[in-house]
Visitor: 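The structure follows.
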Amino acid sequence: ELWGRGFDEKAYLAAKQLKAGEDPYRQHAFNQLESDKLSPDRAIRDTRHYSCPSVSYSADLPATSVIITFHNEARSTLLRTVKSVLNRTPASLIQEIILVDDFSSDPEDCLLLTRIPKVKCLRNDRREGLIRSRVRGADVATAAVLTFLDSHCEVNTEWLQPMLQRVKEDHTRVVSPIIDVISLDNFAYLAASADLRGGFDWSLHFKWEQIPLEQKIARTDPTKPIRTPVIAGGIFVIDKSWFNHLGKYDAQMDIWGGENFELSFRVWMCGGSLEIVPCSRVGHVFRKRHPYNFPEGNALTYIRNTKRTAEVWMDEYKQYYYEARPSAIGKAFGSVATRIEQRKKMNCKSFRWYLDNVYPELTSPQLGQSGSL
Ligand code: LR7
Ligand code: MN
């Protein structure tokens, strides 16, 4: 297929085919052979609840800038992410797709895609990690609403409208879809449970968890949003001025990890809310290992990022974080002075308030002898 400015899809993909005998999992930690076999325009099952198609949305939803950062993504998954957005979204809602190439080995992975209408490419001249890369993309975005995606996603039928609707009604809402599973082995598209929300433990380890039973019983309308204490991090819609007002991301966080807690605590504690909109579905390839290197090492980077989060947002409860993650004690984490200042300026609520009002299910650990806070 040839696009307006002459994008040769077949040539783009063929240039990066696996070599005979090469382990298809080696480069990307998913089965690249299976991904390469599939069409960039493949159909996927509409996994929404059957009452979703009859929900209607405002006729003047705002357009969005889609921001996708990546480091050495497989061409076939990257292209399918981009094309699923163009194929399954009304054109008027997509202002642009901003690819941020986080210093991948081959600049053409990104550059060639700018031959597709609406696709822009920014390339970092050194590895920055996904946090600073997203901020770079957000800073140049021209739409009033930002939509973040990982580089190995497929958006499903009418994915964007329900999220834009929620943000249009209230710009302080930060919204996520239900994240369906694209199998890392055979790329089958599988529906995820609609009864999950984001949670975590004191070590700041993310987990999906069941919606509390009282809330589940009270939910008579399966199309209504689900309040969530935290978001998984990669796939969400946020008003651009609200994102800027809240302080974007902590630009001293490196590579991967922790930014989802930092953003989630900040949104809740500084006057916004986080929700999962069940009529929006986006597939994501979940992997078992990171396919890329961490210049400072995976463990130290996660500690640095989560430690910055705990130091800025968790008040006296940060002691539980250190008890659950003793290896974080004494580790360097840079200065958090400007982030603390920002928190004060915005007059954000306490972590105690967050626990009482947003995540009462996270109970204090049994402390050895010191009792509860
Ligand atoms: O140095 C890097 N530079 C990048 O641009 C490292 C990564 N990246 C890109 C990468 O190519 C990908 O597009 O950043 C994106 C996310 O990296 P992944 O796919 O390795 O992350 P993940 O899916 O394992 O991790 C989840 O948690 C991360 C914490 O930092 C991010 O918030 C991811 O966006 C997030 N993914 C999702 O929320 C999708 C659902 C998965 C879950 C749970
Ligand atoms: Mn991912």
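What's counted below: heavy atoms across the whole structure, side chains too, no hydrogens, waters or symmetry copies. Computed from a predicted model, the values in this text were never measured in an experiment. Numbering of ligands and ligand atoms starts at 1, following listing order.
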Visitor: For ligand 1 and Glu73, I'd like to know whether there is a polar contact (N/O to N/O, distance under 3.5 Å).
Guide: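 Min N/O separation from ligand 1 is not below 3.5 Å for Glu73.
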
Visitor: Would you call the rings of Trp242 and His245 parallel, tilted or perpendicular if under 30° counts as parallel and over 60° as perpendicular?
Guide: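 Because their plane-to-plane angle is under 30°, the rings of Trp242 and His245 count as parallel.
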
Visitor: At what distance is the nearest protein heavy atom to atom 38 (O) of ligand 1, and which residue and atom is it?
Guide: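 Here the nearest protein heavy atom works out to Gly234 N, 2.8 Å.
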
Visitor: Hey, are Ser203 and Asp201 close enough side-chain-wise for a donor-acceptor pair under 3.5 Å?
Guide: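 Yes, Ser203 and Asp201 have a side-chain donor paired with an acceptor closer than 3.5 Å.
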
Visitor: If you measure from each non-hydrogen atom of His71 to ligand 1, which part falls under 4.0 Å: side chain, backbone, both or neither?
Guide: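 His71 to ligand 1: contacts from backbone and side chain alike.
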
Visitor: Among the N/O/S atoms of His152, which is closest to the Mn ion (ligand 2)? Give the atom name.
Guide: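 Distance check against the Mn ion (ligand 2) picks out NE2 in His152.
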
Visitor: So which protein heavy atom does atom 13 (O) of ligand 1 come closest to, and at what separation?
Guide: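 Checking every protein heavy atom, the shortest distance to atom 13 (O) of ligand 1 gives Ser151 OG, 2.7 Å.
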
Visitor: How wide is the angle at the Mn ion (ligand 2) between OD2 in Asp150 and NE2 in His284, to the nearest 10°?
Guide: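 Vertex the Mn ion (ligand 2), arms to OD2 of Asp150 and NE2 of His284: 90°.
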
Visitor: For atom 28 (C) of ligand 1, what's the nearest protein heavy-atom neighbour? Residue, atom name and distance, please.
Guide: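 Answer, as residue, atom name and distance: Trp256 NE1, 3.3 Å.
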
Visitor: Does this structure show an ion pair linking Glu296 with Arg304, if we count only N-O contacts that are shorter than 4.0 Å?
Guide: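 Salt bridge absent between Glu296 and Arg304.
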
Visitor: Would you mind running through ligand 1 and noting each atom that sits below 4.0 Å from a heavy atom of Gly257?
Guide: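 Result: 29 (C), 30 (O).
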
Visitor: In the protein, what heavy atom is nearest to atom 36 (N) of ligand 1, and what distance, to one decimal place, separates them?
Guide: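 The answer is Asp150 OD2, 3.0 Å.
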
Visitor: For Lys224, is the NZ atom crowded, meaning more than 12 foreign heavy atoms sit under 6.0 Å from it?
Guide: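 No, because the 6.0 Å sphere around NZ of Lys224 holds 12 heavy atoms or fewer from other groups.
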
Visitor: Counting backbone and side-chain atoms alike, is an N, O or S atom of Cys153 positioned under 2.8 Å from the Mn ion (ligand 2)?
Guide: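 False for Cys153.
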
Visitor: To which protein heavy atom is atom 31 (C) of ligand 1 closest, and what is the distance rounded to 0.1 Å?
Guide: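 The closest one turns out to be Glu259 OE2, 3.4 Å.
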
Visitor: Say whether Arg134 and ligand 1 are in contact under the criterion: heavy-atom distance to a ligand atom below 4.0 Å.
Guide: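 Right, Arg134 reaches ligand 1.
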
Visitor: Could you tell me, atom by atom, which parts of ligand 1 come under 4.0 Å of a heavy atom of Ala232?
Guide: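 Ligand 1 atoms under the 4.0 Å threshold to Ala232: 27 (O), 32 (O), 38 (O), 42 (C), 43 (C).
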
Visitor: Hydrogens and angles aside, do Trp256 and Thr301 bring a side-chain donor and acceptor to less than 3.5 Å of each other?
Guide: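 No donor-acceptor contact under 3.5 Å links the two side chains.
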
Visitor: Do we see a donor-acceptor contact under 3.5 Å between the side chains of Asn124 and Arg132?
Guide: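 Asn124 vs Arg132: no donor-acceptor pair found between side chains.
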
Visitor: With atoms numbered from 1 as shown, which atoms in ligand 1 lie under 4.0 angstrom from a non-hydrogen atom of Ile255?
Guide: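 Contacts of ligand 1 toward Ile255, numbered from 1: 1 (O), 2 (C), 6 (C).
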
Visitor: Of the protein's non-hydrogen atoms, which lies at the shortest distance from atom 41 (C) of ligand 1, and what is that distance?
Guide: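 For atom 41 (C) of ligand 1, the nearest protein heavy atom is Phe286 CE2, 3.3 Å.
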
Visitor: Do the side chains of Asp315 and Arg352 get close enough for a salt bridge, i.e. N-O under 4.0 angstrom?
Guide: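 Arg352 and Asp315: not salt-bridged.
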
Visitor: Any non-hydrogen atom of Trp208 lying under 4.0 Å from ligand 1?
Guide: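 Within the 4.0 Å threshold, so yes.
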
Visitor: Any side-chain donor paired with an acceptor under 3.5 Å for Ser58 and Asp60?
Guide: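 A pair is found: one side chain offers a donor N or O, the other an acceptor, under 3.5 Å apart.
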
Visitor: Note the single closest protein heavy atom to atom 8 (N) of ligand 1, along with its residue, its atom name and the distance in Å.
Guide: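 In this structure, atom 8 (N) of ligand 1 has Leu130 CB, 3.9 Å as its nearest protein heavy atom.
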
Visitor: Can you confirm whether the side chains of Ser35 and Ser76 place a donor and an acceptor under 3.5 Å from each other?
Guide: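 A pair is found: one side chain offers a donor N or O, the other an acceptor, under 3.5 Å apart.
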
Visitor: Is it true that a side-chain atom of Gln165 and a backbone atom of Leu61 form a donor plus acceptor pair closer than 3.5 Å?
Guide: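 Side chain of Gln165 to backbone of Leu61: no pair is present.
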
Visitor: Run the numbers on Arg166 and Glu169 for salt bridge (Lys or Arg N to Asp or Glu O under 4.0 Å), then give the verdict.
Guide: CA-CA 5 Å; Arg166 296 294 294 171; Glu169 288 167 7; 3.7 Å; yes

Visitor: Give the atom numbers and elements of ligand 1 that come within less than 4.0 Å of a heavy atom of Arg287.
Guide: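 Within the 4.0 Å cut-off of Arg287, ligand 1 contributes 18 (P), 19 (O), 20 (O).
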
Visitor: Provide the number and element of each atom of ligand 1 under 4.0 Å from a heavy atom of Tyr292.
Guide: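 Here the atoms of ligand 1 in question are 6 (C), 7 (C), 17 (O), 18 (P), 20 (O).
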
Visitor: Could a heavy atom of Glu128 be found less than 4.0 Å from some atom of ligand 1?
Guide: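 Outside the 4.0 Å threshold, so no.
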
Visitor: Any nitrogen or oxygen of Phe206, side chain or backbone, less than 3.5 Å from one on ligand 1?
Guide: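 Looking only at distances, the answer is no, because the N/O contact criterion of under 3.5 Å is not met.
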
Visitor: More than 12 heavy atoms of other residues, nucleotides or ligands under 6.0 Å from CZ of Arg289: yes or no?
Guide: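 Atom CZ in Arg289 is packed in, count exceeds 12.
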
Visitor: For Ser241 and Asp239, which heavy atoms make the closest approach, and how far apart are they?
Guide: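 Ser241 and Asp239 have their closest heavy atoms at N-OD1, 3.0 Å.
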
Visitor: Name the closest protein heavy atom to atom 2 (C) of ligand 1, giving the residue it belongs to and the distance to 0.1 Å.
Guide: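 Residue, atom and distance for the closest contact: Asp102 OD2, 3.5 Å.
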
Visitor: Could you tell me whether Glu128 and Arg126 have a side-chain N and a carboxylate O separated by less than 4.0 Å?
Guide: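 Between Arg126 and Glu128 there is a salt bridge, with a charged N closer than 4.0 Å to a carboxylate O.
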
Visitor: Between ligand 1 and Ser133, can you find any atom pair, the residue atom being a heavy atom, that is separated by under 4.0 Å?
Guide: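 For ligand 1, residue contact (heavy atoms, under 4.0 Å) with Ser133 is absent.
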
Visitor: What about the rings of Phe200 and Tyr359, do their centers lie closer together than 6.0 Å?
Guide: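 Between Phe200 and Tyr359, the centre distance is under 6.0 Å.
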
Visitor: Would you mind running through ligand 1 and noting each atom that sits below 4.0 Å from a heavy atom of His152?
Guide: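 Taking each heavy atom of His152 in turn, ligand 1 has 12 (C), 19 (O) under 4.0 Å.
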
Visitor: Heavy atoms only, cut-off 4.0 Å: how does Ile179 contact ligand 1, side chain, backbone, both, or neither?
Guide: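 Only the side chain of Ile179 comes within reach of ligand 1.
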
